[in-house]
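Okay, structure first, notes after.
All of these numbers come straight from a predicted model, not from anything done at the bench. What you see below is based on every heavy atom in this structure, not just the backbone, and it leaves out hydrogens, waters and symmetry mates.
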Amino acid sequence: PRIFKSGQTLPQVYEELWATILSGKTWHGELKNKTKDGTLILEDIIISPIINDKGAITHFVGLREDVTKQRMLEEQLRQSQKMEAIGHLAGGVAHDFNNLLTVISGYSDLILRDLPKEHKYFDKLYQVKLSGQRAESLTRQLLAFSRKQIMKPVVLDLNILISEMEKMLKRIIGEDIDLITIYQKDLLRVKADPGQIEQVILNLVVNSRDAMPSGGKLIIETKNIVLDNEYVSYYPEVKTGMYSLISVSDTGAGISKEIQTQIFEPFFSTKEKGKGTGLGLSTVYGIVMQSGGHVDLQSEPNIKTTFNIYLPALKKDAMTTKEQSNMDIDQGKKETILVVEDESTVRDFILAVLNKYNFNVIIAKDAKDAITIVNTYKKRIHMLLTDVIMPGMSGKDLSEKILKIIPKIKIIFMSGYTDDAIVKHGVLEEGINFIQKPFTPHQLIKIIKEVLQKK
């Protein structure tokens, strides 16, 4: 019946339908129709002709089933599987980069510290360092998308975090965009990595700014919200419960429905060439999902675009956690550090850094070599600095063997891997010292000094 027509089904579909049923055959397909109140639905329809005893068509019988929700869930599943596959690929590439970047950035930093600024190669080497930093940033974003970053979650008040970012955000968006913040009183705390949540907000704000080249309004709002069974039925990966919501809205051009399913994919960008990496929203997606949260998008072209970030809320009495203050970095006191690293270039870089900072260094290329050294070395070994994943024996298993020989030895784990492989090796447990590759000489010495000073 014409009353069901939505105006969104192609004329050719109706032509094929009528040609089929008027020839005495059954037609089966999907039509976008509307209900009595005007709601658009997708229907799976079978229409068959009824033929009398003279062979003439007298009526048609139509069986109609509303499959709107079913098709939406199927599309979400396909999208989720595609994102998961891209994530595995992105994470694998990022891991391999980490060892290379440790050496490139690390040596650049080490040489620049000793090179006078007037030296003819100083500026060239500084550009190498900057390029290394940009590569590290891309790698971190790939890891964020693939949900394989090392996270350092603390109890957070999102109101405080956003309010502390306001001045910086105003500078970023410029004077022609009004920044409006609406804070929910008594907002429930969340447990998340503050640096990563800041990155989420920053990426969304930059996207909103770019969507409003002629100015507009940018609204950041926080709210306590319950995601109930009805909402969760549309998003199978989401759990029911209480969430703290961050909404970032803008009055820009909007995002068309055709590309809404692609915007969280890495390297997908609607911006001009050279004006974005295409990793901003994929980073948002990865961080939020890794934090146990959920992100959705609502966009009306030329009216409003809103990204909603839902983070699982903690109980009301949860207290915020303050980070430890930075320590000054001093020279070592000739403490002996056993370095176990199977990658020779990384091994040589660590040796150069530790020698420069007045540490006594013993090098082992694998776990077997390290155990031999521990059993034969006559003097005290103060610290074990070991890679986590090595051929033959993991860094965690090695540390347990060495602790039996030297019970008071301090231990730091390092790795370019940051996904399930690290979790499986028990390295992300509370209280365990870990440094993620790539790291700078400053970061390495800082964690060594901190761990050596622990009782």
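Listed here is the closest heavy atom pair of Arg71 and Leu42: CG-CD2, 3.5 Å. Here the closest heavy-atom approach between residue Ile177 and residue Gly215 is recorded as CG1-CA, 4.0 Å. Taking both residues in full, the closest heavy atoms of Lys239 and Leu227 are given as O-CB, 4.4 Å, listed atom of the first, atom of the second, then distance. Smallest separation of non-hydrogen atoms from Ile337 and Phe359: CD1-CD2, 3.7 Å. Residue Ile373 comes nearest to Ala364 through the heavy atom pair CD1-CB, 3.9 Å, listed as atom of the first residue, atom of the second, then distance.
Between the side chain of Asn224 and the main chain of Leu188, a donor-acceptor pair closer than 3.5 Å is present. Side-chain N or O atoms of Thr39 include none that pairs as donor or acceptor with a backbone N or O of Thr35 at under 3.5 Å. Although no hydrogens or angles enter the test, the distance criterion places no donor-acceptor pair under 3.5 Å between the side chain of Ser108 and the main chain of Leu125. Checking side-chain atoms of Glu65 against main-chain N and O of Val67 turns up no donor-acceptor pair under 3.5 Å. No side-chain donor-acceptor contact under 3.5 Å links Glu400 to the backbone of Asp397.
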Q) Under the side chain to side chain contact (heavy atoms under 4.5 Å, CB included) criterion, do Glu166 and Thr181 qualify, and how do the steps go? A) CA-CA 9 Å; Glu166 273 194 53; Thr181 50; 3.3 Å; yes
Q | Residue pair Leu158, Ile197: steps toward the side chain to side chain contact (heavy atoms under 4.5 Å, CB included) verdict | A | CA-CA 9 Å; Leu158 294 173; Ile197 300 304; 4.0 Å; yes
**Q.** CA sep, side-chain torsions, deciding dist, call: Asn358, Lys334, side chain to side chain contact (heavy atoms under 4.5 Å, CB included)
**A.** CA-CA 6 Å; Asn358 200 37; Lys334 281 292 181 186; 3.3 Å; yes
Q: Apply side chain to side chain donor-acceptor pair (under 3.5 Å) to Thr240 and Asn229, showing your working.
A: CA-CA 6 Å; Thr240 57; Asn229 288 323; 4.5 Å; no
Q: Take Asp178 and Leu218 through the side chain to side chain contact (heavy atoms under 4.5 Å, CB included) test and state the conclusion after the steps.
A: CA-CA 6 Å; Asp178 293 328; Leu218 173 63; over 6 Å; no
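Salt-bridge annotation for Lys446 and Glu450: present, with a side-chain N of the basic residue lying under 4.0 Å from a carboxylate O of the acidic one. Note on Lys129 versus Asp109: salt bridge recorded, some NZ/NE/NH1/NH2 to OD/OE distance being below 4.0 Å. Ion pairing of Glu335 with Lys449 is absent here, as no side-chain N (NZ or NE/NH1/NH2) approaches a carboxylate O to less than 4.0 Å. In summary, Asp157 and Arg189 engage in a salt bridge, as defined by a charged side-chain N under 4.0 Å from a carboxylate O. Using a 4.0 Å cut-off between charged side-chain N and carboxylate O, Lys356 and Asp114 make a salt bridge.
Partners of Ser344 by side chain to side chain contact (heavy atoms under 4.5 Å, CB included), not counting sequence neighbours, listed by chain and number: Arg347. Residues satisfying the side chain to side chain contact (heavy atoms under 4.5 Å, CB included) test with Ile225, not counting sequence neighbours, are Tyr243, Leu245, Tyr310.
When side chains are defined from C-beta on, Lys191 does not count as touching Val154, because their heavy atoms never get closer than 4.5 Å. At a threshold of 4.5 Å between non-hydrogen side-chain atoms, the residues Leu314 and Val155 count as touching. Using a 4.5 Å heavy-atom cutoff, the side chains of Val346 and Lys437 are in contact. By the 4.5 Å heavy-atom criterion applied to side chains, Thr102 and Phe349 are counted as neighbours. A heavy-atom distance below 4.5 Å is not found between the side chains of Met383 and Ile381. When side chains are defined from C-beta on, Ile219 does not count as touching Leu179, because their heavy atoms never get closer than 4.5 Å. Within the 4.5 Å cutoff, the side chain of Lys368 has no heavy atoms near those of the Met390 side chain. Counting heavy atoms from C-beta on, the side chains of Lys223 and Glu221 come closer than 4.5 Å.
Between the side chains of Asn433 and Lys454, at least one donor N or O lies within less than 3.5 Å of an accepting N or O. With no hydrogens or angles considered, a side-chain donor-acceptor pair links Asn159 and Thr222 at under 3.5 Å. No side-chain N or O of Gln436 forms a donor-acceptor pair with one of Ser415 less than 3.5 Å apart.
In this structure, the ring of Tyr231 has its center less than 6.0 angstrom from the ring center of His294.
The aromatic rings of Tyr121 and His119 lie tilted to each other, with the angle between the two planes from 30° to 60°.
Counting heavy-atom neighbours within 6.0 Å of Tyr377 OH, excluding the residue itself, gives a total above 12. In the displayed structure, Lys69 atom NZ is contacted under 6.0 Å by more than 12 heavy atoms of other residues, nucleotides or ligands.
Paired with Ile448 under the rule side chain to side chain contact (heavy atoms under 4.5 Å, CB included), one option of Val353, Leu354, Ile435 passes, and it is Leu354. The side chain to side chain contact (heavy atoms under 4.5 Å, CB included) test with Ile402 is passed by exactly one of Leu338, Ile411, Thr386: Leu338.
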